Amino acid sequence: MATTPLLPDSRTESDGSAVIRVLSYNIRSMRDDTGALARVIGACAPDLVLLQEAPRFFRWRKKLARLASETGLVVLTGGATAAGPAILCSLRATVERTEDVLLPLTPGQHRRGFATAVVRFGGARLGVLSCHLSLRQDERYEQGGMLLDRLAAMGTEHAVAGGDLNERPDGRTFRRLTESLTDCWAAAPWGGEHTWVRDAPHRRIDALLATKGMRVLGCGVPLEQPGVSGSDLAAATDHLPVLAAIRVPAA
């Protein structure tokens with residue numbers, strides 16, 4: 001039986017460019033099996049983890065710090081200060097700055113926000129954004145425009161955004177985003193496609209998106225990643241993660 005080839009390992013090239021591994025994951029406020037969650041994240045060996053529904057309430061910083069410690073990462077930014085999105089990173093990253101952004105509140109809806117950072121890997125400089133867009137179609141579309149504006153304002157040639165978009169690729173907001181950003185799964189499909197499999201039909205509503213000029217080496221749900229088991233994926237949270245390997249040119 002054919003097996004899915006592994007994604008490239010992280011590395012820095014002699015020309016200063018970098019291959020990085022980025023993981024996007026809705027972790028449902030760590031209300032499920034946190035041991036399974038840590039094993040999934042750790043097995044993916046990410047340089048950046050873009051979280052959605054990170055802990056936001058009682059002792060949220062302690063919970064995020066524990067997850068980072070158990071996966072060999074550090075908390076970069078986000079959590080309650082971004083209304084849920086957060087970013088973890090490996091010690092390979094050099095951090096230039098971080099900023100958490102709260103989006104306009106629609107009465108009766110959940111508060112939304114972006115966790116953002118600018119980091120460097122070797123000679124490669126990268127803007128990073130984690131998001132969790134609205135369940136409401138009109139609000140989600142407006143938030144998609146805010147996401148694009150925020151990436152443009154970060155002052156980096158290259159950027160990656162990831163999150164729970166709450167929409168399939170044929171949706172209006174998803175299409176708005178991919179007019180200027182690369183849908184990493186569509187560019188280099190790898191592993192599994194669907195990130196929501198709790199009911200039918202299974203759907204791809206979580207995504208990693210990259211600005212032009214970077215090469216996506218593979219992207220998808222890490223179903224056959226060594227150390228990632230189906231039982232851990234089912235126990236960790238209600239979404240499946242998206243893992244990508246991306247080559248970022250030197251600045």
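Everything numeric here is computed off the predicted structure, so don't read it as measured data.
Between atom CZ of residue R203 and atom CZ of residue R198 there is a gap of 12.5 Å, rounded to the nearest 0.5 Å. The CG atom of D164 sits 7.0 Å away from atom OG1 of T195, with the distance rounded to the nearest 0.5 Å. Atoms SG and CG, on C184 and L209 in that order, are 6.5 Å from each other to the nearest 0.5 Å. Of the inter-residue distances, the one linking T173 atom OG1 with D138 atom CG reads 9.0 Å to the nearest 0.5 angstrom. In this structure, the separation between CG on L148 and CG on L177 is 5.0 Å, given to the nearest 0.5 Å. From E142, atom CD reaches atom CZ of R112 across 15.0 Å, with rounding to the nearest 0.5 Å.
A centroid separation of less than 6.0 Å is found between the aromatic rings of W196 and H239.
The local environment of CZ in R59 is sparse, with at most 12 non-hydrogen atoms from other residues, nucleotides or ligands closer than 6.0 Å. Within a 6.0 Å radius of NE2 in H110, no more than 12 heavy atoms belonging to other residues, nucleotides or ligands are found.
S24 and D206 form no side-chain donor-acceptor contact under 3.5 Å, judged by distance and modelled atom types alone. Residues E139 and T106 have side chains that bring a donor and an acceptor to within less than 3.5 angstrom of each other. Of the N and O atoms on the side chains of T77 and D100, at least one donor lies less than 3.5 Å from an acceptor on the other residue.
No donor-acceptor pair closer than 3.5 Å links the side chain of R21 to the backbone N or O of S10. Of the possible polar contacts, one joining the T71 side chain to the L67 backbone as a donor-acceptor pair under 3.5 Å is found. Although no hydrogens or angles enter the test, the distance criterion places no donor-acceptor pair under 3.5 Å between the side chain of S29 and the main chain of R31. Remark: the backbone N or O of L103 is paired with a side-chain donor or acceptor of R111 at under 3.5 angstrom. Looking only at distances, no side-chain donor or acceptor of W190 sits under 3.5 Å from a matching main-chain atom of P222. Side-chain atoms of T182 do not come within 3.5 Å of backbone N or O of T211 as any donor-acceptor pair. Using modelled atom types, one side-chain atom of T178 and one backbone atom of F174 make a donor-acceptor pair closer than 3.5 Å. Of the possible polar contacts, one joining the N166 side chain to the L133 backbone as a donor-acceptor pair under 3.5 Å is found.
Scanning all heavy atoms of the two residues, the minimum distance from R92 to R11 falls at NH2-O, 2.7 Å. Heavy atoms only, all atoms of each residue included: P46 and L23 are closest at CB-CB, 4.1 Å. Residue V40 comes nearest to V228 through the heavy atom pair O-CG2, 4.1 Å, listed as atom of the first residue, atom of the second, then distance. Across every non-hydrogen atom of G192 and L223, the tightest pair is CA-CD1, 3.7 Å. Between A115 and G78, the closest heavy-atom pair is CB-CA, 4.1 Å. In terms of heavy atoms, S180 sits closest to K212 at O-CE, 3.4 Å.
Under the 4.5 Å side-chain contact rule for hydrophobic residues, L48 and I27 do not share a cluster. Residue V22 is grouped with residue V119 when hydrophobic side chains (ILVMFWY) are merged at heavy-atom distances under 4.5 angstrom, including chains of intermediate members. Linking Ile, Leu, Val, Met, Phe, Trp and Tyr residues whenever their side-chain heavy atoms come within less than 4.5 Å leaves L126 and V19 in two separate clusters. In the hydrophobic cluster analysis, where Ile, Leu, Val, Met, Phe, Trp and Tyr join through side-chain heavy atoms closer than 4.5 angstrom, L7 is grouped together with V221. A continuous path of hydrophobic side-chain contacts links I87 to V248 [ILVMFWY only; heavy atoms under 4.5 Å].
Between E99 and V118, every side-chain heavy-atom pair lies at or beyond the 4.5 Å cut-off. With a 4.5 Å cut-off on side-chain heavy atoms, V128 and S130 do not count as touching. A heavy-atom distance below 4.5 Å is not found between the side chains of R247 and M214. Using a 4.5 Å cut-off on side-chain heavy atoms (C-beta onward), C219 and D183 make no contact. Side-chain atoms of R28 and Q52, non-hydrogen and from C-beta on, never get closer than 4.5 Å to each other. Two residues are said to be in side-chain contact when any heavy atoms from C-beta on lie closer than 4.5 Å; L88 and L76 fail this criterion. For the pair V242/L50, no side-chain contact is recorded, criterion being any heavy-atom separation below 4.5 Å from C-beta on. Between F114 and M146 the shortest side-chain heavy-atom distance falls below 4.5 Å.
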Does Y25 form a side-chain contact (heavy atoms from CB on, under 4.5 Å) with T237? I'd like the steps, not just the answer.
CA-CA 9 Å; Y25 209 173; T237 177; 3.3 Å; yes
Passes side-chain contact (heavy atoms from CB on, under 4.5 Å), V74 versus C89? Steps please. CA-CA 6 Å; V74 296; C89 69; 3.6 Å; yes
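Between R39 and D232 there is a salt bridge, with a side-chain nitrogen of the basic residue lying less than 4.0 Å from a carboxylate oxygen of the acidic one. Under the 4.0 Å criterion applied to side-chain N and carboxylate O atoms, R125 and E157 are not assigned as salt-bridge partners.
For the pair R172 and Y141, the cation-pi test (distance below 6.0 Å, angle within 45°) is passed.
Of the candidates R140, R175, R204, R140 is the only one forming a salt bridge (charged side-chain N to carboxylate O under 4.0 Å, His left out) with E167.
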